[in-house]
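Worksheet: one structure, shown below.
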Amino acid sequence: MTDVLRIRDLNKSFGGIVVADDINLDLRAGRVLGLIGPNGAGKTSLFNLVTGVVKPDTGSITLDGQSIDALPIYQRARRGLARTWQNLRLFPSLSVLDNVMLGPRDYPGEKLTSLIFDARGVARRQAEERDRAHAILKRTGLAGVAQSRVQDIAYGQQKLVGVARALMNDARCLLLDEPMAGVEGQAYGAIQRVVRDIAESGVAVCVVEHNVAFVRDLCDEGVFMFAGKVLARGTVGELIADPRLTELYFGT
Amino acid sequence: MEYVVTIIILVGLFVILAASFDLIIGYCGLISIAHPIFYAIGAYTSAMLAKEAGFPVPLAMLMGAGAALVSSILVALPSLRVSGDYLLIASIGFQLGLIELAKHFHEIGGAGGLTNIPPFLIREVGREAYAVLVVVIAALTVWFVRWMATGPYGRMMSALRDDELAFSMLGRNAIWVKVSVFGIGSAIAGLAGGLYAHYFRFIEPDQFGLLASSAVLTMVVVGGMRTTWGPVVGAIVLQLLPQVITFFGLPPSVLGPLQGIMFTGLVLVFMFMRPQGLIAASDLWRGREGGARHD
């Protein structure tokens, strides 16, 4: 099994608060890894460090064997790193379809020169990306709301828009930040099914999630984090059964 | 007749300024009010190249637009790398600083202004031809801004305005988009500057200051931000209103401040009565490819 993302000796602290303490972690192609831990354990911070939102103090990260340490956020995304956000971060002035259409690694028309000198090529590629976006919306169960504004659809559907937008990247590595928080009903099953499909297509997936049942059903493996440290790695069942971790999680 | 032609030219120039400014502040959400300084850079560059270096006027005008493009990128690049707010501070500093500098540079006319700028078209063909040229360029500007705003770039600008971090995480280069839009808008303002200089044949530093900034901003806000026709309507209304009050026979000492008060008053009235401007923008972006009718 190939490692898609490799995190080595990653450290980060803000003043006295340590959010990453010597983290070593590999994400493998076709596997779903769950990040478990109480609030403030450094799960979202790890996503921010990997995606370049926050710069680490020390440590290195490679994607498909190549270092991404020096790359800004957008170039990491163009290498095949995609993520969703705990607080959604959708674009309210765009429809669901247009939110998703901004997701391709190579967005047709981003270069002004191609927009001006190759208008036809851009239009053709835009049409292709639109078809792809429609296919992804269908796969995520959002086909019926493609033209809706994102703030008009249910919260669970908004979460799915975030996932659909990330899927347009054709990512090698997908980071999902609390995809199930606040989600119930149809969207719950849809997210689970979609994440499983993505992993089976060879993507390395990492999920931060508080919903233990979801993590147990979905993840091949789990990592327990606490105070910026990776404390344990194993099957989710093993992690849940460990009384030491349960104590840290619930603080009892 | 000359009066009417001059008014048409002034309205046309302000349509160019307002539409290009709408691209920057409206569509892309870049907060800057220093648009007139790039108008000034275009005007001075074009005037000096034609007057002192003997460049043909059309070429001088294009060079003026080029100078506005380059200088706007130099202002935008460092400030946009940090955060959007710095652009406002950096650009106002650039605007006021450059105006003061120009006042002390006698080679470009100093505070008294640059006179005897070579005319263009007026002698050979007539003032009307110049008005046609300005109106055509104004129409092209309005069309170009609409083309930018409703195409793939428009989708990017909307998203960037909403959430820059999420935008970057999709693989989009936010700094590049912001600098490009700022540069293009400023270059268009520079071209308008050249058109102004070779018609009125006199420019002075003070006309490109904060009063000009507030006039262009008022045009965009009152007309309607992020709309095709808003800046056009805003430019027409705000150019014609000051003309109307000149007919009341007020002394110049009253007239000047009265126009300033009018701009401010209009912004206040619109803020309370119609914040979206005369023409209201839709709060949902729609592209021209008709994505709405796709499925």
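In what follows, every chain begins at residue 1, and chains take the letters A, B, ... in the order their sequences are listed. Computed from a predicted structure; not experimentally measured.
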Subject >> Close side-chain approach of A/Tyr107 and B/Leu170, heavy atoms under 4.5 Å >> reply: no
**OP:** Would you indicate whether B/Trp229, at its atom CH2, is surrounded by more than 12 heavy atoms from other residues, nucleotides or ligands within a distance under 6.0 Å?
**Re:** no
**OP:** Mind checking side-chain contact (heavy atoms from CB on, under 4.5 Å) for A/Ala20 and listing every partner two or more places apart, or none if nothing turns up?
**Re:** A/Lys12, A/Ile23, A/Leu49
Original post:
What do you reckon, is CG of B/Leu140 surrounded by more than 12 foreign heavy atoms closer than 6.0 Å?
Top reply: yes
Original post:
Between A/Ala77 and B/Ser168, what is the shortest heavy-atom contact and its length?
Top reply: CB-O, 4.3 Å
Original post:
Can you tell which of A/Gln75, A/Arg76, A/Arg79, A/Arg165 has the highest number of heavy-atom pairs within less than 4.5 Å of chain B?
Top reply: A/Arg165
Original post:
Do A/Ile73 and B/Phe167 have side-chain heavy atoms sitting under 4.5 Å apart?
Top reply: no
Original post:
Between A/Asp98 and B/Arg155, which heavy-atom pair has the shortest distance, and what is it?
Top reply: OD1-NE, 2.8 Å
Original post:
Between B/Ile184, B/Asp283, B/Val177, B/Leu160, which has the largest tally of heavy atom pairs under 4.5 Å with chain A?
Top reply: B/Asp283
Subject >> Options B/Ser158, B/Ala174, B/Ala159, ranked by heavy-atom pairs under 4.5 Å with chain A, top entry >> reply: B/Ala159
Original post:
Which is it for A/Tyr74 and B/Met169 under the side-chain contact (heavy atoms from CB on, under 4.5 Å) test, yes or no, and what are the steps along the way?
Top reply: CA-CA 6 Å; A/Tyr74 78 92; B/Met169 195 61 241; over 6 Å; no
Original post:
Where do B/Asp162 and A/Ser93 come nearest, in terms of heavy atoms and distance?
Top reply: OD2-OG, 2.6 Å
Subject >> Minimum-distance pair of heavy atoms, taken over all atoms of A/Gly109 and B/Pro152 >> reply: CA-CB, 4.4 Å
Original post:
Checking B/Asp163 side chain against A/Phe91 main chain: does a donor-acceptor pair fall under 3.5 Å?
Top reply: no
Original post:
Out of curiosity, B/Trp176 CH2 to A/Lys111 NZ, how far, rounded to the nearest 0.5 Å?
Top reply: 10.0 Å
**OP:** Please answer whether the main-chain N or O of B/Asn173 pairs with a side-chain N or O of A/Glu110 as donor and acceptor at a distance below 3.5 Å.
**Re:** yes
Subject >> For chain B, the option from A/Val53, A/Val122, A/Leu112, A/Asn169 that forms the most heavy-atom pairs under 4.5 Å >> reply: A/Leu112
Subject >> Partner residues of B/Phe120 under the ring-ring contact (aromatic ring centres under 6.0 Å, His included) criterion, sequence neighbours left out >> reply: none
Original post:
With a 4.5 angstrom heavy-atom cut-off, which part of A/Pro108 approaches chain B: side chain, backbone, both or neither?
Top reply: backbone
Original post:
More than 12 non-hydrogen atoms from neighbouring residues, nucleotides or ligands closer than 6.0 Å to CZ on B/Arg146, yes or no?
Top reply: no
